[in-house]
Amino acid sequence: MTSTTPSPTQLRLIIETDDFDTALRFYRDVLGMPEQLAYATEDDDRVAILHVGVATIELATPTHARNIDDVEGAPRTPGALRIALEVEDTEEAVAAARAGGAELISPPVKTPFQSLNARVQGPAGWQVTFFQELETLDQRAAHEGFTTDDARER
């Protein structure tokens, strides 16, 4: 499919927080997102740009979001702001986040999507899901239900 619309080259997720230092420490120091750039003027005018690697946007219906909450054993919180981070080892990521002050929402669980997921409460009201892929994209694509939305039967 060809498009004349220019493709974005970067995704920035903006987290507004009243406790900048706590949020910066959590995302930079605890979760290991290196600081690329920071800007500050006077008083409390501060921003930090943290590098996360590859970014995707996950669009989900409320039904799917409920199913994920059920699979992860997390309480349903409609409209909750949530970041999902792919990690090499979910259990290690959870341990580091908890050591950094995050509260465990749901412990690691193997999902039907062939990932190991866990969720913690991060600063500024954001939840953080850690996921460790247990299969490649090609392996998952061979399972029933995995396709692209434009190719699925309606």
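The environment of CD in Gln36 is crowded: more than 12 heavy-atom neighbours from other residues, nucleotides or ligands sit within 6.0 Å. More than 12 heavy atoms of other residues, nucleotides or ligands lie within 6.0 Å of CD in Glu135, so this atom counts as buried by the packing criterion. More than 12 heavy atoms of other residues, nucleotides or ligands shown are found within 6.0 angstrom of CG on Leu11.
With rounding to the nearest 0.5 angstrom, the OG1 atom of Thr129 is 9.0 Å from the CD atom of Glu58. Rounded to the nearest 0.5 Å, atoms CD (Glu16) and CG (Asp18) are 7.0 Å apart.
In plain terms, the two heavy atoms of Ala48 and Glu35 that are nearest each other are CB-OE2, 3.8 Å. Heavy-atom minimum distance, Asp45 versus Thr41: OD2-OG1, 2.7 Å. Closest approach of Pro123 to Ala23, counting heavy atoms only: CG-CA, 3.7 Å.
In this structure, Gln132 contributes its side chain and Leu116 its backbone to no donor-acceptor pair below 3.5 Å.
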Test salt bridge (charged side-chain N to carboxylate O under 4.0 Å, His left out) on Arg46 and Asp21 and set out the steps. CA-CA 10 Å; Arg46 297 168 64 192; Asp21 291 323; 2.8 Å; yes
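Residue Leu104 is found in a hydrophobic cluster whose other members, listed by chain and number, are Leu13, Ile15, Phe20, Leu24, Phe26, Tyr27, Val30, Leu31, Met33, Leu50, Val52, Leu81, Ile83, Leu85, Val87, Val94, Val120, Trp126, Val128, Phe130; membership requires side-chain heavy atoms under 4.5 Å apart, directly or through intermediates.
No salt bridge links Arg82 with Asp69; every basic N to acidic carboxylate O contact stays at or beyond 4.0 Å.
A 4.5 Å side-chain heavy-atom check between His64 and Pro62 finds every atom pair outside the cut-off. Between Arg76 and Arg66, some side-chain heavy-atom pair lies under the 4.5 Å cut-off.
For the side chain to side chain donor-acceptor pair (under 3.5 Å) condition, the pairs that include at least one residue of residues 106-118, sequence neighbours left out, are Glu72-Asn117, Thr111-Ser115, Ser115-Asn117.
Applying the salt bridge (charged side-chain N to carboxylate O under 4.0 Å, His left out) test to Glu133 and every residue at least two apart in sequence or in another chain returns Arg140.
At a cut-off of 3.5 Å, with distance as the only test, no side-chain donor of Thr22 or Arg25 sits close to an acceptor on the other residue.
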